[in-house]
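Everything on this sheet refers to the single structure shown next.
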2 protein chains.
Amino acid sequence: MSVAVENFVKAVYKNAKRTNDTKPGIIAKELGISNAAATDMAKKLAVKDLLHYEKYQELKLTVKGNQMALNVIRKHRLWESLLFKMFDMSLHDIHREAELLEHQTSDLLANKISEYLGNPKFDPHGDPIPDKNGIITTTDTSFTLSKANEGKTYIISRLMSDDKEFFDFCAQHGLKYGNTITVSKQFIKNKMTQIVVNNNTILLNEDFSTIIYVNENESKNVQH
Amino acid sequence: MSVAVENFVKAVYKNAKRTNDTKPGIIAKELGISNAAATDMAKKLAVKDLLHYEKYQELKLTVKGNQMALNVIRKHRLWESLLFKMFDMSLHDIHREAELLEHQTSDLLANKISEYLGNPKFDPHGDPIPDKNGIITTTDTSFTLSKANEGKTYIISRLMSDDKEFFDFCAQHGLKYGNTITVSKQFIKNKMTQIVVNNNTILLNEDFSTIIYVNENESKNVQH
DNA sequence: AACTATTTTTAAGTATACTTAAAAATTTAT
DNA sequence: ATAAATTTTTAAGTATACTTAAAAATAGTT
Ligand SMILES: [Mn+2]
Ligand SMILES: [Mn+2]
Ligand SMILES: [Mn+2]
Ligand SMILES: [Mn+2]
């Protein structure tokens with residue numbers, strides 16, 4: 001299937017995970033195309049039996065569409081893991097490369113990469129890597145920093161973004177998958193979260209506190 | 001530039017190296033497209049200043065086209081080198097993957113791969129890898145087996161093919177980049193070459209004896 | 001040199017993946 | 001409930017990269 005189709009199916013999959021309002025417009029925004037193009041593509045994918053399309057209704061992936069999405073996501077996260085391990089590249093850079101490489105990787109090569117890395121269950125952002133059958137065996141017990149308790153110490157389990165500025169910020173302050181942070185104060189009304197990392201106190205706004213995921217202990221989501 | 005453009009420019013470059021008859025038809029055959037499509041593309045590339053096009057004349061790359069070709073070739077051969085080193089993949093498989101990956105690789109990633117491998121000068125087929133400026137510093141002193149002398153012993157310096165059957169044949173008989181072979185007899189009239197590898201005698205027809213390149217000694221083309 | 005075969009070019013048409021503009025439906029706000 | 005705002009859809013059109021069919025030019029053969 002084409003790059004456009006794979007990216008579209010992946011975007012639908014990811015959006016459906018987060019919200020229950022997966023209509024053309026959101027996908028269009030995500031992919032940087034017009035709403036008209038997204039509607040058009042949705043219709044085409046319905047013909048290919050990759051999703052169910054009904055005018056003005058939510059887009060819902062078929063089993064086939066779901067498999068395709070997971071296969072692309074698998075390749076994306078395996079590439080990220082490999083590039084991160086082998087080369088000194090930032091989280092943002094590995095994401096950018098993986099966004100392209102994911103579409104040009106045979107299942108065979110994906111399996112080789114996975115094997116080489118010891119079949120990792122998480123990528124460098126803390127996102128789970130589906131296995132060769134498209135199955136995610138790990139359960140995610142993490143939650144966003146915005147919902148963490150004052151005074152408690154957590155482990156970063158996921159940095160859910162693909163924004164360069166965010167990753168630069170993370171790199172600068174030691175916000176890294178697996179690292180420990182303490183929530184010193186929650187400013188509920190102003191939607192800000194104050195944390196302590198490496199003895200530095202940082203005040204996060206909502207944009208950042210809702211894409212940084214943490215776990216209470218090192219158990220589940222940390223397997224690196 | 002698009003995949004189609006990159007593959008076209010690369011095909012022109014490679015053909016011009018071998019022959020002096022680089023017209024649309026040959027490129028069309030190489031890329032598996034119609035002659036009409038090749039002529040069409042040639043015209044478009046002329047507008048983009050990637051090659052010089054004159055009706056019924058040879059296609060000649062511009063400096064810009066040449067650079068693009070070398071950049072794609074560099075990425076191709078770096079990928080082949082990396083995949084060959086890291087994973088247990090055949091020469092044919094690494095070529096297949098590289099044919100796609102070469103178009104989705106940033107210059108930055110290419111440099112990282114090169115660095116990681118110690119800036120190799122040759123890929124696993126024995127083909128030279130251009131440096132980041134598109135320069136090939138090695139000089140190729142090798143020649144085809146069909147032109148080798150009876151009784152002499154040589155070192156395989158290049159396996160110039162992308163045919164699976166050929167690579168299977170090579171793997172089966174120990175014909176590998178860097179290995180030693182002896183030419184036991186040249187059947188000039190019948191265009192066949194008899195060689196001895198690992199104490200086995202093999203009779204090669206013209207198809208194979210003209211794509212296996214050898215060197216007299218281990219000097220130039222062997223730097224693995 | 002003339003004829004034939006081959007190659008190249010032109011012409012017309014297709015599929016994919018987009019665009020903008022306007023109509024239709026839905027959602028939100030008053 | 002009505003009006004306004006937003007989103008979705010339709011319609012028409014574009015660029016890229018191909019196709020087949022036929023015309024034109026070149027290259028090879030007698
Ligand atoms: Mn990513
Ligand atoms: Mn992608
Ligand atoms: Mn190759
Ligand atoms: Mn290619």
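What's counted below: heavy atoms across the whole structure, side chains too, no hydrogens, waters or symmetry copies. Protein chains get the first letters and strands the later ones, always in sequence-line order, with residue 1 at the start of each.
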What residues 14-29 of chain A contributes to the DNA chain C interface at heavy-atom separation below 4.0 Å is A:Lys23
Would you kindly say whether B:His95 and B:His76 are connected by a side-chain donor-acceptor distance under 3.5 Å? yes
Test of ring centre spacing under 6.0 Å for A:His173 and A:Phe208: no
side-chain hydrogen bond (donor to acceptor under 3.5 Å, both in side chains): which pairs involve residues 54-63 of chain B, sequence neighbours left out? none
Sequence-aligned protein contact record of nucleotides 10-24 of chain C, with B where the base is within under 4.0 Å of a protein heavy atom and S where only the sugar-phosphate is: BB-----BSBBB---
Between A:Phe84 and A:His125, does the ring centroid distance fall short of 6.0 Å? no
Could you verify whether a donor N or O on one side chain and an acceptor N or O on the other, from A:Ser81 and A:Asp123, lie under 3.5 Å apart? no
Of the options A:Asn111, A:Thr105, A:Asp107, A:Asp131, which is the one that meets A:Arg74 in a side chain to side chain donor-acceptor pair (under 3.5 Å)? A:Asn111
I need the CD-P distance between A:Glu58 and D:dT8, as an integer number of Å. 11 Å
Is there a donor-acceptor contact under 3.5 Å from the side chain of A:Lys112 to the main chain of B:Phe87? no
Geometric class of the A:Tyr154/A:Phe143 ring pair [parallel <30°, tilted 30-60°, perpendicular >60°]: perpendicular
